[in-house]
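Whatever order the structure lists ligands and atoms in, that order sets their numbers, starting from 1. Just the heavy atoms: all of them, side chains too, but no hydrogens, waters or symmetry mates, feed the values below.
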Amino acid sequence: MQKAFSEDPDVTLITPTAPMATPTHGGRAKCLQRLVRLDLPVPRTVALSFAEVHRIAAGQMPDMAALLAHFDPEALLCVRPSSEDPDWGGPGAVLNIGMNDARYVALTESIGHEASASLYMRFVQGYAVHIARLDPDLFDEIEDVGQAGLSAALAAYEEEAEEAFPQDPAVQLREVLRSMARAWEGTSARLLRQAKGAPVDAGLGLVVQEMAPGLGKGECGSGVLQLVDSDTGLPQVTGRYLSQSQGREALKHRNTSLFLEKDPRGPSLEELAPEAFAQLKAHTELMRRKLRAEMQIEFTIQNGQLHILDGVRVVRSSRAAVRIAVRLVEDGIISPQEAVMRIEPGAISELLHRQVAPGADRRVIGRGIAASPGAATGRIVFSSAEALASTSRGESCILVRRETSPEDIRGMHAAVAVLTERGGMTSHAAVIGRGMGLPCVVGAARMKIDLQRKTILAENGSTFREGDVVTLDGTAGEVLEGSPEMVEAALDDAFQKLMGWADDARDIGVRANADTPADAATARRFMAQGIGLCRTEHMFFEADRITPMREMIFADAPEDRQAALAMLLPMQRADFTELFRIMEGLPVCIRLFDPPLHEFLPTDRAGLRDLAEALDLPVSDVTRRVESMGEYNPMLGLRGVRLGITVPEIYDMQARAIFEATLDASREGAPVVPEIMLPLVSANREVELLRSRIDAVAAAVRAERGRNFTYRLGVMVETPRACLRADEIAPHCQFLSFGTNDLTQMTYGLSRDDAGRFMGDYVQQGVFNEDPFHVLDLDGVGELVAIGVERGRSSNPGVTLSICGEHGGNPESIAFCRAVGMTYVSCSPFRVPVARLAAAQFALSAEGVRKPPRM
Ligand code: PEP
Ligand code: MG
C-alpha cells in the first residue's frame, strides 16, 4: 500500500525520486526533496500538491488513514505551507499535531512531565487560535505552567469551543489541513499575494512532517542557521539556538538563546554541542554547494541528535544579494550569467544611493510618487533662495515646493532632497531629481503646503515648520518625521564585478541623459556608453546667462539678437567642450533648444524691474511684452524645432558652439563626432530646412578654422505625427531618438506635469495598469514607436534608433526597445546600472539562461 501511495503525485512521500516540482508542489516541498537527495537527516515528510490542497479547500479530504500510515504512530506531526514563491506568504506552520491525553501520559515517561505538558499546551493554544479560530486572549490569563497550565488551557478550549479538545490525531490533522487550505483561498490572502506579484490562480502545497520536538531529556532544542549576514551579505554564521524550544523560538528569545559559533558576546552551540554544530555547519555548506544558493536552515536537536527540518533561501537586502551572487561565482558554484539573472534590476538602484535602514523607525507623515530613489535627512525650506542660504550655513535642507521650475535648479543643487505637492514621474522635479541622483517625492497632494506661513500640514494632522527636520525617502515615496537610521551606498567590488558580467551579456547599448559636467561624470562612473540626450536649455539658467538670454528674447532687430547670442556663444562652447572632454570620444548627443522662450522670463515684480533696468525700458513695456508671449498651451506651442524655424539664430549659435567645441576637444583627445538632435519635429520639411542651416554653419566653421570634422544629425521622435511620417523624416537624418515623455503626453492627451493629480486613482481603479510616464504603454505609445521604427528603417535602413525618454531606464520598456531592434537606450545617469542589468537579463533569457526557481 505504501508503494502505491508514494506514487500518487498529489500525496507523495518525499523520497529522492518522488515526482515533485516547484510549480506543482511548491518551493518548500521541492527543497526538502533536494535535502533528502543529499542524504541530510530530514524527518519523514509527505507533500500534498497544489491540486490536492485545492480539493481539500473544496471539502474533499484525502484518505487520512493512508496519509497517517506514512508516519510512526508515536510521532508528532507538523504541517507547513509550500507555495511556489516564498514571498507570496501562506498560513503559518502548525506544530505538535497528535498531542492528546494519551500521548501526554506516554511522553511524560520519555521526556518528562514538564516537556510533555508544554508540548500539549502549545498545541492546544496553536490549534485553538489558528484552526478553531478562538480568541487568542483566552489563553493570556493562564499563568500556570506544567500540568496545571495544560488543564487550564484544555478547560478554556472546551468552554469557548463548546466541545472537548479533539483527541483523534486523524481528526486533528484533517482540521489543520482544511483550515490551512481554506486560509490560502480566502479573499484577503489572495489580494495580499497578488500585490506581491502572484498570479490569481497561484496554488498552495502543504508538507506534513514527522517532528523531532526539540523538548525532552538530554540536549534538546531548536534553532536557525545561515552562513551569511542578511544585511551585508558577508560570510558570517548567523542565527540562534535555544534549548527546550521549537520552530523559530530561538530568534524570538534573543536574551536566553545561544549564539551558534563561539562568540565573545555569550555562550554558543559550538561550545554546548560541538559535534552537532560541526555537522550543522557542514550540512549548510553542502546545501550551499549543491542547491547553488545561500540557504537558511531550521534544525532541531533531540537528545543530542541533529535533524534538519527545513531550508529556505536566505532573506537578503539588495546589497547582500549582489555579494552573495558574486561569491557563489567566485567559489565556482554558479556561472557569471546565472549571477546576473539572480539580481532584480530594481534592487540595483538601492545600492547607488543612501537608503533608510531596513529596520529603522519610520514615522510616515506624507506620501507621494517615488520619483527619484534614495533617502536624505534635512531641514525643511520652502524656496530655492532658502535652500542656498541653508547650504551656505552648512545645514542640509529639503526643498519643498508646490512644483519646481527651471528657476529652482540652483535650489535643487543645494538641497539634499526635493518634495513637491504636484507633478508626476516626468514633471520637472522628477526628471531633474533623477538626473542628479537627488531623492525626490512628487505629487504629495495630501500634504498641505502653505508657502505664506511656511508650514506643511501632514497627513496625520501634525504641522511642520521651516527648519524642522524630516527625512525624504524617494525609494518608497514617503516623507518621514525626524532622522531614521540610514545605510550608505554600496558601489563595491562585488557591484562592479556583477555589472561587468552584465555588460558581457548585453546586446543593446546604454547611454545616459546628461546635461551638466557632474551628470556626465556620473554617467562615466556608471559606465554609460555615451550621452544619449543633453538638454541644453538648463544651461541658460545660470546667473551669468539669464540676462543675455532675456535680452536675446526681447530683441526686436536681428542685430540685437545676434549681439545677445554672441555673449552666449562662448559660454555654450565651454559647456560642450567640457562635456566632450569628460566623455573622451564617446558619443554625445546634444539636443538643440526645446522649451518655450517665456519660461526664461521673470514672473514676479522684482524680476520684471531688473529686466526693465537691463533693457533700459519702462517696467510697463516689459510687463506687456512678457504677457504677450504667454501661450494657452505652451507645451504644444512655440517650442522645439518650431523655434528653430522661426527664430533660427538660436540654433545657429548652438550649432556653432557645438562645432567649435568639437574642434577644441578633438585637438586635445579622441576625435569628436558630435550628434545634434532636433526636438519636437512633426514634419520632414522642418528637418530639411534646419539641416541646410546647420550644414551652412558647419561649412563656415570649417572654413574659419581650416580644419575638418563631421557631425551626425538626428530627430527626436516625440510627436505622434513624427512616428507616422518617420519614412519621410528618416532620409534627412542619421538617427531617430524616441522621446517617449512627450510622445506619451501627446498620445494620451495627458499633461505630464498634471498627471500626478489623478494618476494614483487611475492606477488604483485599474484604468491604467501602470503610470504610462513610468512604464511605456506598449499598446498605444508602443505601437506608435513600433510604427516609427519600421517606417524610419524602411526609408533609411542604416538609421540609428534609440529611446531617450524616461522609459529608457525602465526594465519592461527596455525589453520592448530591444525587441524592436533599437541600438541603445538612454536614461538618467543613476538608472544606467539598472538598465545595464535589465538589458543583460533580456539577452540571457533569449539565450535560454533562466532565473532560478524561488525556494
Ligand atoms: C521626451 O520628451 O521624451 C524627452 C526626452 O524630452 P523632454 O523630457 O526634455 O521633453
Ligand atoms: Mg520632449
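Under a 4.0 Å criterion applied to the non-hydrogen atoms of Leu533, ligand 1 contributes the atoms 5 (C). If you number the atoms of ligand 1 from 1 as listed, the ones under 4.0 Å from a heavy atom of Thr740 come out as 3 (O).
A donor-acceptor pair shorter than 3.5 Å cannot be found between the side chains of Gln562 and Glu649. No side-chain N or O of Thr823 forms a donor-acceptor pair with one of Ser802 less than 3.5 Å apart. No hydrogens or angles considered: a donor-acceptor pair under 3.5 Å links the side chains of Thr800 and Arg712. Side-chain atoms of Glu403 and Ser427 include no donor-acceptor pair closer than 3.5 Å.
Summary of contacts: the protein heavy atom closest to atom 1 (C) of ligand 1 is Asn741 CB, 3.3 Å. The shortest contact between atom 6 (O) of ligand 1 and any protein heavy atom is with Arg591 NH1, 3.0 Å. Looking at atom 9 (O) of ligand 1, its nearest protein heavy atom turns out to be Arg535 NE, 2.6 Å.
For Asp695, the CG atom counts as densely surrounded, since its 6.0 Å shell holds more than 12 non-hydrogen atoms of other residues, nucleotides or ligands.
A distance of 6.0 Å or more separates the ring centres of Phe576 and Phe659.
Per residue Glu718, closest N, O or S atom to the Mg ion (ligand 2): atom name OE1. If you look at Asp742 and ask which of its N, O or S atoms sits nearest the Mg ion (ligand 2), the answer is OD2.
Note on ligand 1: Val431 sits outside its first shell, no heavy atom being nearer than 4.0 Å. The shortest heavy-atom distance from Met716 to ligand 1 is under 4.0 Å. Distances from ligand 1 to the non-hydrogen atoms of Gln745 include no value under 4.0 Å.
Stacking of Arg545 on the aromatic ring of Phe540 is not recorded, the 6.0 Å distance cut-off and the 45° axial limit not both being met.
Among the atoms of Asp594, none of the N, O or S atoms falls under 2.8 Å from the Mg ion (ligand 2).
Using a cut-off of 4.0 Å between Lys/Arg side-chain N and Asp/Glu carboxylate O, Arg591 and Glu537 are scored as salt-bridged.
With a 4.0 Å cut-off on non-hydrogen atoms, Arg752 touches ligand 1 through its side chain and not its backbone.
Polar contact with ligand 1: present for Gly739 (N/O pair, distance under 3.5 Å). For ligand 1, one of its N or O atoms has an N or O atom of Glu718 under 3.5 Å away.
A side-chain donor-acceptor contact under 3.5 Å links Tyr651 to the backbone of Phe593.
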